[in-house]
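Only one structure is covered here, and it is reproduced in the block below.
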Amino acid sequence: MRVEPSGNASCPDPSRDGKGAIDRHSLPEGPGSDWGRWTAWPIAALFLVLPAVLLAPAWRLWGLSALEDGLLYYLPQRIWFGQALATGRWPLWHHLVYGGFPAFADPQIGMYYPSTWLFAVLDPRWAYPLTISLHHSLAAWLMYRLCRGLGRTRPAAVMAGVAFALCGFMLSHREHLTMHHAAAWTPGVLWAWHRWTTTGRVKHWAVGVVIVSAQLLAGHIQVTLMTGAVVVAYVIWSAPRQKRVWLGCLAGFAVAGLICAVQILPALRLLGHSAERRELYYVVYNSMLWRSLALLVFPMLLGQRTPNFYPVQWDAPSHQCEQTAYVTLVVLALTVGGGVLLWRRNRWVRFWGWAGLITLVLALGKNAGIYVLVMLIPLFNVLHTPARWLLIVHVALIVVGAAGADALLRRAHPSTRAERVWRRRVPLGLAAAAGAILLVFALAGWAGLGPAVSMTNPAVWLPLVLLAVTVVLLRRLSRRPGRAGGLVLIGLVVVDLAAVAPFLDVSTCGVEAITDSPSADALRRSGFDNATDRVWVIPGDAYRSPRQCLMPDTNLLDGVATLNGYGPMLPTELKDLFGFRPFGVTEQAGEWVSRAERLARLGVSHVIVRDDKISPAALADGWALLATVARDVRIYRNRHPAGLWYTAGRYRWCADTAEAVAVLREKDAESAPDREVLLTGGTQPDQTLGPGRVLSANIEGDTARFEVASDRGTMLVWLNRWYPGWRARVGDTPATIYRADVLGQAVVVPPGRHRIVFEFAPAVLQWSIVLSIAGLLVVGVLVFQRRFDRTDAGGVPSPGPV
């Protein structure tokens, strides 16, 4: 027998708090408490249209924010994947960045996430903004479902959905597409597991597995871990003694991980070959600043990365996208009022209140002084940017705010205490907070510690106007909510968001900042060929006009191969050899460009340099000026012979990669055409080698074919980065692949004329596919047999309204 929440004594009525006492502030007794005639369709239409309208100014630049990570990483990677998919090929290997990269293993490319497939059928100028807008709509709908599942009325749930879809976290992290997409699923995960804990029905368990799987495939594991932490806390709070709930929840996350094995296992393998840093400094990087708390009331007070209607430049030591916390003033007011009224009466308001406070402390990171404890938690100790806990802070504020909205709208007989809260405490509290913020910032500006506060700045006067309107309307609604009270709150939230969403991180530059690359044009005119040439981009500031200097990964938009790349999965050997950081820059560039012959050995045929990074005098020897683009960007061609494949008759055996790196960094290392190749990996070759010739070469996707001739046998060297999963055949005979000169691959070729084939077929992918199919079968079998339906009468108490 299935336990029904409305008919069993163990599942009390949603109008009761966790202890069974009636919560009169959540009873549907007010005239404006619900919309009986409203169906899901107009609400869904609102959620679909509103983000597209409020974010309209961003669509001019394809939905990109400050032309930083979105342009440097997410857009070009998706365009590259979409182009390959459009030809009917599922790409595994990337030849255009890092000298070769296992793209299938990078979760942030999102190969297995359905919205990424839009790039195969739509122009990127439509696909990129469409996927952003749809995920704002998805976030709104799932927050609506969460609040409805927690007992909220439709007006309160719609208000919560709109507020979350366009909250500070969702707006600012348009810059980080995978984080944006994963965060949109967070309320859905919470809703599904809330339904599982309250009903125990297999369909809710299965929905939870599917939503967690979608969040994992979106490509940002940090968001899933934060969401999972809240789910665990929720289960502890709601069902501390219900073993079945615990096991079902853990099994659900385990099966979701199994379904996503096709992405998770290759990513773990890639992480083992990446230079991701794990020291404390990196973990607490981009902690939330104390001053950023002011953004809850004045969202643009610290300025903008992209000045527009709000003209002040961003003035803080951290990125704006990591610091923005805003849920609108009306939701903030409802959160305060709801918390005051319901804290003692409803244990679920207390849960979300504590969740918001704890995650706020975690978001403060090093500025709160306790984040070092996170280093003791497995998985969490490899994550960075504590400020991203603001996602959970936003969820908590909005959920409690929805409870406050119901407490405001559902009161047919207002109490004296509620009257004081809505008409005095909340308005005075907001006014005092706004005044204190302005006073502190004014004093800091007067002391030269920050920007001056000016009443002519829209970041100051516009929130004050909205604050005044919010206070007036809340005072009115506290007396007479009326049937339109819910519409008034929703309209106020929309107006508030309209003052932020069209401007937050919306650049005023032209679309040519995305489409035009004078460096790529100059390379094409010079006869640059990806088959034989590779560029090292030395940009100085990676975020300053990235297309102008072809900053990776924007090179993917032009199909130009580069040595460096952009993103968190920096290959370890590039960090060891060149000192690269995940953002494609290094402080050792000056040392390396002075040794042009050494770079030719590593396949670098061109460099693109900004004047503020390396002076022209440093490139006088070994480099020929090819072109000057813009005012401070120059392109040089290596005077020494360069190529991405060749034959070698001599080699030097190195015990490991570290020894080979040390040899290459020696100033007197051999670089002549008859140089020794540094080999590592496998068993040392025992045959005599001599010179050879590459008669033909053909590289297509994940396969490369060469034809080599030699009299005594030779070594074929291909400067495509070594990585597990590459296989080679000489004729029909499997051959050992050695790591050559740290960055490349090499095989021994017997005397005579032979065809050599390299194929990328990683075994980890094959096993991952098998596990993912097994996970899908588990869900299918359990849903079919309904094994997780409870038959005992002792179900889990319904948590009631939050």
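All of these numbers come straight from a predicted model, not from anything done at the bench.
When the side-chain hydrogen bond (donor to acceptor under 3.5 Å, both in side chains) test is applied to Thr131, the partners found at least two apart in sequence or on another chain are Ser115, His181. Every residue was checked against the ring-ring contact (aromatic ring centres under 6.0 Å, His included) condition with His220, not counting sequence neighbours, and none meets it. For Arg78, the salt bridge (Lys or Arg N to Asp or Glu O under 4.0 Å) criterion is met by no residue, not counting sequence neighbours. Applying the ring-ring contact (aromatic ring centres under 6.0 Å, His included) test to Tyr74 and every residue at least two apart in sequence or in another chain returns nothing. Among residues two or more places apart in sequence or in another chain, the side chain to side chain contact (heavy atoms under 4.5 Å, CB included) test is passed with Arg476 by Arg480. In terms of the side-chain hydrogen bond (donor to acceptor under 3.5 Å, both in side chains) criterion, His394 has no residue partners (sequence neighbours excluded). Remark: Phe503 engages Phe309, Tyr310 in a ring-ring contact (aromatic ring centres under 6.0 Å, His included) (not counting sequence neighbours). A search for side-chain hydrogen bond (donor to acceptor under 3.5 Å, both in side chains) contacts involving Glu68 returns Arg305, not counting sequence neighbours. For Leu357, the side chain to side chain contact (heavy atoms under 4.5 Å, CB included) criterion is met by Trp354, not counting sequence neighbours. For Arg425, the side chain to side chain contact (heavy atoms under 4.5 Å, CB included) test picks out Val340, Arg420, Val421, with sequence neighbours left out. Residues that satisfy the side-chain hydrogen bond (donor to acceptor under 3.5 Å, both in side chains) test with Gln323, not counting sequence neighbours, are Ser292, Ser318.
Here the CG atom belonging to Leu364 is positioned 9.0 Å from the CG atom belonging to Leu289, to the nearest 0.5 angstrom. With values rounded to the nearest 0.5 angstrom, Leu362 atom CG is found 10.0 Å from Ile392 atom CD1.
With hydrogens and angles left out, the side-chain atoms of Glu322 and Thr385 include no donor and acceptor closer than 3.5 Å. Asp406 and Thr153 share a donor-acceptor pair across their side chains, judged by distance under 3.5 Å alone. In this structure, a donor-acceptor pair under 3.5 Å is absent between the side chains of Ser172 and Gln320.
Relative ring orientation between Tyr73 and Tyr566 is described as tilted, the plane-to-plane angle lying within the 30° to 60° band.
Between Arg479 and Glu419 a salt bridge is recorded (basic side-chain N to carboxylate O distance below 4.0 Å).
Taking the ring centroids of Tyr234 and Trp348, they lie under the 6.0 Å cut-off.
Sorted by first then second residue, the salt bridge (charged side-chain N to carboxylate O under 4.0 Å, His left out) pairs that include residues 41-58, not counting sequence neighbours, number zero.
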